[in-house]
Amino acid sequence: MRSGLTHIPDRTLAWPPRARLILMLGLDDLTPAPQPVLAVLRPAHARGASIAALRGGAFSLAQAGLLDGRRSLTHWALTDVLRTRQSSGICGCQPPLFG
């Protein structure tokens, strides 16, 4: 899914140990997140950082195991795909407002 926006990180993976909020953006083709990204998401979550996802970013959170046993929400067009990748939990969606 393309939104027409380009997001360019302004930090390296060295800063998440200090971050209180991490926003995970989705990859356009829903490829698995690189292992270095997962390696910083899990400890950040364990220490209590708030972690949110935009669009397909939920796939990286599911891959890291952060959605296990939790309710999750994603873009309506991605709900079925997320359900297949989320090991446990409930995946919901907001139906489109316009057909």
Side-chain angles (χ1 to χ4, degrees):
M1 294 182 56
R2 295 198 178 268
S3 64
L5 296 174
T6 300
H7 304 283
I8 300 172
D10 63 352
R11 303 271 193 264
T12 67
L13 291 177
W15 68 266
R18 300 185 311 272
R20 291 185 286 170
L21 172 65
I22 297 173
L23 179 59
M24 189 68 204
L25 302 176
L27 303 173
D28 282 341
D29 57 2
L30 302 178
T31 58
Q35 285 303 316
V37 171
L38 300 177
V40 297
L41 284 176
R42 292 176 183 128
H45 177 262
R47 70 173 170 73
S50 297
I51 302 177
L54 273 177
R55 302 178 66 93
F59 290 87
S60 296
L61 301 186
Q63 183 184 352
L66 303 184
L67 300 182
D68 291 352
R70 298 178 179 268
R71 294 179 60 88
S72 60
L73 185 68
T74 190
H75 187 277
W76 65 269
L78 301 174
T79 301
D80 290 337
V81 179
L82 183 60
R83 275 193 191 110
T84 65
R85 295 192 189 179
Q86 188 175 347
S87 62
S88 67
I90 301 168
C91 177
C93 73
Q94 173 67 40
L97 298 176
F98 306 99

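For this chain, numbers begin at 1 and follow the sequence in order.
Taking each heavy atom of Ala64 and Leu38 in turn, the nearest pair found is CB-CD2, 3.7 Å. Closest approach of Leu13 to Pro36, counting heavy atoms only: CD1-CB, 3.7 Å. Nearest heavy-atom pair, Ala33 versus Ser60, reported as atom, atom and distance to 0.1 Å: CB-OG, 3.5 Å.
If you take CG on Leu41 and CD1 on Ile22, they are separated by 6.0 Å, rounding to the nearest 0.5 Å. Distance check: Asp68 CG to Leu61 CG gives 11.0 Å after rounding to the nearest 0.5 Å.
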Return a table of donor-acceptor pairs under 3.5 angstrom between the side chains of residues 43-52 and protein atoms on other chains or two or more places apart.
| residue | atom | partner | partner atom | Å |
| --- | --- | --- | --- | --- |
| Arg47 | NE | Pro17 | O | 3.2 |
| Arg47 | NH1 | Ala19 | O | 3.0 |
| Arg47 | NH2 | Pro16 | O | 2.3 |
| Arg47 | NH2 | Pro17 | O | 3.3 |
| Arg47 | NH2 | Ala19 | O | 2.6 |

